[in-house]
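Inspection log for the structure reproduced underneath, given as structure tokens.
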Number of protein chains: 2
Amino acid sequence: MQQRRPNPERAEATRSALLAAARTLFVEKGYADTSTPEIVAAAKVTRGALYHHYADKADLFRAVIEREAKAVADEIEASASPDAPPGEALLRGSLAYLEAMSVPGRTRLLLVDGPAVLGPGALAALDEAHAARTLREGLEAALRPPRQEGAFIEALTALLSAAFDRAALAIEAGGDRAAYTAAMIGLVERVTASR
Amino acid sequence: MQQRRPNPERAEATRSALLAAARTLFVEKGYADTSTPEIVAAAKVTRGALYHHYADKADLFRAVIEREAKAVADEIEASASPDAPPGEALLRGSLAYLEAMSVPGRTRLLLVDGPAVLGPGALAALDEAHAARTLREGLEAALRPPRQEGAFIEALTALLSAAFDRAALAIEAGGDRAAYTAAMIGLVERVTASR
DNA sequence: CAAATAACATACAGGCTGTATGTATGCAAC
DNA sequence: GTTGCATACATACAGCCTGTATGTTATTTG
């Protein structure tokens, strides 16, 4: 498919400029208060270009979100040590998640505006595909041999993931980073403790 | 204050109609996709009435949210048994929260659109004033004598609260209610277990 | 009963979204 | 090399929505 590709670099540059401008404005003013005229002005293109590459404003937002979620997943994966014991790997991944989410704007994009604009289902799917998978696999490994059924582990994963999200939000909002980190580690340890 | 109150019943009826219509539409279509003409048509008033009683669309939304948060808090408090041991009181409160949040539309209002429209800070404040207070007090009681400092307990409260929220969302989205309830109870038990 | 004010109703201005239409440029085949 | 077509935009337009400004009615108070 797609043998003919006229001027692909220019198109890619346009998309890139739109994504960068949109990300900045969405973070600064939120999705609802950011207009497409503002975005294209910041990206130095026209609205025609925007609507040529993206179906609508929400589609552009989705592209921004996907990029961001992938960046988070990549950073987590980059900081993973492949041959660490399950318990420690899980802990390291948790800290890496908090670190990745402390990049300015990420909590607003991924945790506040994202669910409202794309629906919580879409975000959960993205999460599962990227960041949360690491968490679930870590939990499964740490809880092996499985003393619980699959649905329980899945639920536990979701709950812990939500706790991590809240920690990231609280820290970005100026909360006590050390306290939230400690509480998070405490949660993970208590959950994985071979009772 | 407020000695003169011309036609207060009529005004109250108007507000009530607006709140009811707005709640229904916000739940069905979300805040962004609900227009004020739609709301006033459903409430059988005019836009003039809306902007007379509320500063703007977001202010009406805030009123809906506050009503809903108060309802949740009331339901939790109603199901509390005052003289139960701390551990059991906490568990009961947790289940009551899940039950209260299963009223249709509540998760979308309080957990999805609310944070995006009002900002996560405003919602957290509302939470702390109503539902989360019960949780924090329960945790403090269950963890007494305090083996941890205040900031840690506060953080732990926030994390657990987020886990509860996610459980409510997952259940409303069609998740395995039993699994999520069990996982939530497991979390609370492990956290309050005298290590 | 007169004045003031609440409780609306109506009209309007500005901005934003999405679409429809127009234009230029590269690639490809002939 | 030019004819044809698709990509990559640019421009113009229609409709809707929000918030405000202004007008009207009906109480309540002095």
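So that the names make sense, note that chain A is the first sequence line, chain B the second, and so on, each numbered from 1.
- Using the six-membered ring where Trp is involved, A/Y31 and A/F26 have ring planes that are tilted, between 30° and 60° apart.
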Summarise protein proximity over nucleotides 14-20 of chain C in one line of letters, 5' to 3': B for base, S for sugar-phosphate only, - for none, counting protein heavy atoms closer than 4.0 Å. --SBBB-
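- Among pairs with a residue in residues 38-55 of chain A, those fulfilling salt bridge (charged side-chain N to carboxylate O under 4.0 Å, His left out) read A/K29-A/E38, at least two apart in sequence or across chains.
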Using a cut-off of under 3.5 Å, enumerate the N/O to N/O pairs linking the protein to nucleotides 22-24 of chain D.
none

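- The NE2 atom of B/H52 sits 16 Å away from the P atom of D/dA26 (whole-angstrom rounding).
- Residues that satisfy the ring pair (Phe, Tyr, Trp, His ring centres under 6.0 Å) test with B/F164, not counting sequence neighbours, are absent from this structure.
- Listed by first then second residue, pairs satisfying salt bridge (charged side-chain N to carboxylate O under 4.0 Å, His left out) with a partner in residues 132-143 of chain A read A/E128-A/R136, A/R133-A/E137, A/R136-A/E140, not counting sequence neighbours.
- Listed by first and then second residue, the salt bridge (charged side-chain N to carboxylate O under 4.0 Å, His left out) pairs that reach into residues 58-67 of chain B come to none, sequence neighbours excluded.
- Counting to the nearest Å, the P atom of D/dG19 and the CG atom of B/D59 are 10 Å from each other.
- B/H53 places its NE2 atom 12 Å from the C1' atom of C/dA9, with the value rounded to the nearest Å.
- Between the CG atom of A/D33 and the C1' atom of D/dC17 there is a distance of 14 Å, given to the nearest Å.
- Atom CD of B/E12 is separated from atom P of C/dA7 by 10 Å (rounded to the nearest Å).
- The salt bridge (Lys or Arg N to Asp or Glu O under 4.0 Å) search around A/E77 returns none, not counting sequence neighbours.
- Every side chain to side chain donor-acceptor pair (under 3.5 Å) that B/T107 has, sequence neighbours left out, goes to B/E172.
- Here A/D113 pairs with A/R108 under the salt bridge (Lys or Arg N to Asp or Glu O under 4.0 Å) rule; sequence neighbours left out.
- Between the CG atom of A/L50 and the C1' atom of D/dT11 there is a distance of 15 Å, rounded to whole Å.
- When rounded to the nearest whole Å, the span between CD of B/E9 and P of C/dC8 equals 12 Å.
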